[in-house]
Amino acid sequence: MTIATARLDLREMSEADLPALAAILTDPVAMVAYEGAFSAGEVEEWLHRQRERYARDGFGLWAVVLRASGEMIGQCGITLQRIDDEVTEVGYLFQRAHWHRGYALEAAAACRDWAFEHLAIDDLYAKVRSTNVASMNVAIRLGMTVRRTFTTHYRGIDMPHLAFALSRVAWDRRAPERTA
């Protein structure tokens, strides 16, 4: 499965992507919303979890590949997450060297559209840590609004989050914008 955008290809990650994935997940700045860099073992677990999601759910976080170079620069995709209940979420995380170029929005918009086109969902969410302004801006540009706040306990820390969401009805209304 591949999703193509103007500059990017999104595809399932494989073992060959482990070095590029590690470049993201072991960067303490890129991982500040996760309270720091992952260990090599945590990176391997992350990749394994995505591959399990592909098999079980038919989706997960996909490799984001810069078409011009063939380089994996990030990950973006659809996962099932818990807020109060299980929700369908779009998530995105990129190598710091590729921030501020619109790649996260481009990839996340393609994933948003894929989710509404292929899944029987009424709402698509983005779980964003309350301190992560850049991710908030991506969610807003995806057409999402804050539905509620909640706290996630992760890595021994309580982390306040915002639950951004976009309804299928609102997504349908944005059809002219999506094709622009």
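Computed from a predicted model, the values in this text were never measured in an experiment.
For Phe116, the ring-ring contact (aromatic ring centres under 6.0 Å, His included) criterion is met by Trp171, not counting sequence neighbours. Take Asp158 and apply the side chain to side chain donor-acceptor pair (under 3.5 Å) test, not counting sequence neighbours, and it matches His153. A search for side chain to side chain donor-acceptor pair (under 3.5 Å) contacts involving Arg7 returns Glu106, not counting sequence neighbours. A search for side chain to side chain donor-acceptor pair (under 3.5 Å) contacts involving Ser135 returns Asn132, not counting sequence neighbours.
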| Step-by-step side chain to side chain contact (heavy atoms under 4.5 Å, CB included) determination, Thr88 to Leu80 | CA-CA 5 Å; Thr88 304; Leu80 300 175; 3.7 Å; yes
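Contact check for Val90 versus Met144: side-chain heavy atoms found under the 4.5 Å cut-off. Side-chain contact between Asp57 and Ile78 is absent, with no heavy-atom pair separated by less than 4.5 Å. Between Leu25 and Leu93 there is a side-chain heavy-atom pair separated by less than 4.5 Å. By the 4.5 Å heavy-atom criterion applied to side chains, Trp114 and Leu10 are not counted as neighbours. When side chains are defined from C-beta on, Cys111 counts as touching Trp62, because their heavy atoms get closer than 4.5 Å.
Only one option out of Leu21, Val64, Leu66, Asp9 pairs with Met72 in a side chain to side chain contact (heavy atoms under 4.5 Å, CB included); it is Leu21.
Glu12 places no side-chain N or O within donor-acceptor distance of the main-chain N or O of Gln50, the cut-off being under 3.5 Å. The backbone N or O of Gln81 lies less than 3.5 Å from no partner atom in the side chain of Thr79, so there is not a single donor-acceptor pair.
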Mind listing the side-chain donor-acceptor pairs of residues 28-38 below 3.5 Å, one per line with the distance, residues two or more places apart or on another chain?
residue: Glu35; atom: OE2; partner: Arg129; partner atom: NH1; Å: 2.9
residue: Glu35; atom: OE2; partner: Arg129; partner atom: NH2; Å: 2.8

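A 6.0 Å sphere centred on CZ of Arg141 holds no more than 12 heavy atoms belonging to other residues, nucleotides or ligands.
A side-chain donor from one of Glu52 and His48 sits under 3.5 Å from a side-chain acceptor of the other.
Taking 4.0 Å as the cut-off between side-chain N and carboxylate O, Arg11 and Asp17 count as a salt-bridged pair.
Connectivity analysis of hydrophobic side chains (ILVMFWY, heavy atoms under 4.5 Å, direct or indirect) links Phe150 to Ile83, Val87, Tyr125.
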